[in-house]
Amino acid sequence: MSSIRCLVVDDEELARALLEAYVGRMSNFELVGLCKDPLEALQVLNSTQVDLLFLDIQMPELTGIEFLRTLTQRPLVIFTTAYSEYALEGYELDVVDYLLKPISFERFVQAANKAAERLRLVSAAFPDKDYLLVKSDHKVYRIRYADILFIQSMREYVAFHTSEGRILSLGSLKALEENLPPGLFIRVHKSYIVARARVRTLEGNMIHIGKEKIPVGANYKEEVMRELF
């Protein structure tokens, strides 16, 4: 896998310098920019490929959370903040991890490895293709595998639930399952396929993905436990 291209966004100079030093110690990471606010970051994102965003939350004018919600195409995101109360909201936005300042190098490496593993799974499954073409409402949507939370069967339709919303398309879950990279997705119920990297918790027979609870079918429980937990 090629270098992971990182962008740091933080209004504090010392925080930017620390993350710059940490990224520099990672052999497979490449720093493509240091930005003091989201507007600077937007210029970089519009002109440069960014795989991973280290994003502060509390910044003047526009917070990291508000900025993230404006992006239609998001890189992977690791929040960096001094405020622990934003952790839940960060997970609802499906960030890779949440680093609480002051950030130790050990904790940074742990978060960076999570992001690298998610990117590796996509690259290994489809080295030249990381997206799916889906027809819906007389349009063709290009849905990145990394953006899919789960896929739901709805009679003759399948619903793609992504970080940006839901896209409904004619088709069957069985046919779709055969064309999805198994390293990224797993069938957990007759009506649901989930993205492995998005699964947070198993509670009884329910998988938590963000705010959603996905049922685990009895016929799939053993494989789900073996593969995910």
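Heads up: numbering here begins at 1 and tracks the sequence. Below, all heavy atoms of this structure are taken into account, side chains as well, without hydrogens, waters or symmetry copies. Computed from a prediction, not measured in an experiment: that's the story for all the values here.
Identified under the ring-ring contact (aromatic ring centres under 6.0 Å, His included) test for residues 152-176, with sequence neighbours left out: F150-H161.
Contact of the F29 side chain with the S3 side chain is not registered, since no non-hydrogen atoms from C-beta on lie closer than 4.5 Å. Looking at V44 and C35, their side chains come closer than 4.5 Å, going by heavy atoms from C-beta outward. At a threshold of 4.5 Å between non-hydrogen side-chain atoms, the residues V188 and I207 count as touching. Counting heavy atoms from C-beta on, the side chains of F54 and F108 come closer than 4.5 Å. V9 has its side chain out of reach of D37: every pair of non-hydrogen atoms, C-beta onward, lies at least 4.5 Å apart. For the pair V109/M26, a side-chain contact is recorded, criterion being any heavy-atom separation below 4.5 Å from C-beta on. You'll find the side chain of I78 stays beyond 4.5 Å of the side chain of L53, heavy atoms only. Counting only heavy atoms from C-beta outward, the side chains of L39 and L62 never approach each other to under 4.5 Å.
Judged by distance alone, the side chain of R200 and the main-chain N or O of G210 form no donor-acceptor pair under 3.5 Å. A donor-acceptor distance shorter than 3.5 angstrom exists from the side chain of T162 to the backbone of E164, with no hydrogens or angles considered. The closest donor-acceptor contact from the side chain of S47 to the backbone of Q43 lies under 3.5 Å. A distance-only check finds a donor-acceptor pair linking the side chain of S169 to the backbone of K135 [under 3.5 Å]. Between the side chain of R16 and the main chain of L19, no donor-acceptor pair closer than 3.5 Å is present. A donor-acceptor contact shorter than 3.5 Å is absent between the side chain of Y98 and the backbone of T81. Side chain of E40 to main chain of K36: a donor-acceptor pair is present (N/O by atom type, distance under 3.5 Å, no hydrogens or angles). Between the side chain of E117 and the main chain of K114, no donor-acceptor pair closer than 3.5 Å is present. With hydrogens and angles disregarded, a donor-acceptor distance shorter than 3.5 Å links the side chain of T70 to the backbone of F67.
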Evaluation steps, side-chain contact (heavy atoms from CB on, under 4.5 Å), between I193 and E177: CA-CA 8 Å; I193 292 173; E177 183 181 16; 3.8 Å; yes

Worked verdict on L149 versus V194 for side-chain contact (heavy atoms from CB on, under 4.5 Å): CA-CA 6 Å; L149 304 175; V194 304; over 6 Å; no

Trace of the salt bridge (Lys or Arg N to Asp or Glu O under 4.0 Å) decision for D10 with K101: CA-CA 12 Å; D10 198 304; K101 298 177 181 177; 2.7 Å; yes

Candidate pair D147 and R74, rule salt bridge (Lys or Arg N to Asp or Glu O under 4.0 Å), full reasoning: CA-CA 8 Å; D147 291 333; R74 299 175 185 170; over 6 Å; no

Stepwise side-chain contact (heavy atoms from CB on, under 4.5 Å) check, V224 with R187: CA-CA 8 Å; V224 167; R187 185 82 170 260; over 6 Å; no

Stepwise side-chain contact (heavy atoms from CB on, under 4.5 Å) test for T63 and Q58: CA-CA 5 Å; T63 70; Q58 288 286 54; 4.2 Å; yes

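Taking all atoms of both residues into account, the shortest heavy-atom contact from L76 to A115 is CD1-O, 3.7 Å. A159 and L168 get closest at one heavy-atom pair: CB-CD1, 3.6 Å. Residues E66 and E61 share a closest heavy-atom pair of OE1-O, 4.2 Å. Across every non-hydrogen atom of P75 and V50, the tightest pair is CB-O, 3.3 Å.
Ring planes of H189 and Y192: perpendicular class, angle over 60° (limits at 30 and 60°).
To the nearest 0.5 Å, atom OG1 of residue T201 and atom CD1 of residue I209 are 10.0 Å apart. Atom CG of L31 and atom CG of L7 lie 7.5 Å apart (nearest 0.5 Å). Separation of atoms CD (Q110) and CG (L99) is listed at 8.5 Å; rounding is to 0.5 Å. The distance from atom CG of L173 to atom NZ of K190, rounded to the nearest 0.5 Å, is 12.0 Å. Annotation: the span from I65 atom CD1 to M59 atom CE amounts to 10.0 Å, rounded to 0.5 Å. A distance of 13.5 Å separates CD1 in I214 from CG in N205, rounded to the nearest 0.5 Å.
Using a 4.5 Å cut-off between side-chain heavy atoms of Ile, Leu, Val, Met, Phe, Trp and Tyr, with links allowed through other members, V216 and F229 fall into the same hydrophobic cluster. When the side chains of ILVMFWY residues are joined at heavy-atom separations under 4.5 Å, either directly or via intervening members, L202 and M206 end up in two distinct hydrophobic clusters. Hydrophobic clustering, with ILVMFWY side chains joined whenever heavy atoms are under 4.5 angstrom apart, keeps Y220 apart from I151. Cluster annotation: L119 is not connected to V199 through the hydrophobic network of ILVMFWY side chains, with a link wherever side-chain heavy atoms come within less than 4.5 Å. Hydrophobic clustering places V158 together with Y145 (ILVMFWY residues linked when any side-chain heavy atoms are closer than 4.5 Å, directly or through intermediates).
Sparse packing is recorded around CD of E106, with 12 or fewer heavy atoms of other residues, nucleotides or ligands lying under 6.0 Å away. The 12-atom threshold is exceeded at CG of L170, counting heavy atoms of other residues, nucleotides or ligands nearer than 6.0 Å. Taking a 6.0 Å sphere around CZ of R226, one finds it holds more than 12 heavy atoms contributed by other residues, nucleotides or ligands.
Geometrically, R144 does not engage Y131 in a cation-pi contact, judged by NZ or CZ lying under 6.0 Å from the ring centre and within 45° of the ring axis.
Judged by distance alone, the side chains of D51 and Q49 do bring a donor and an acceptor atom under 3.5 Å apart.
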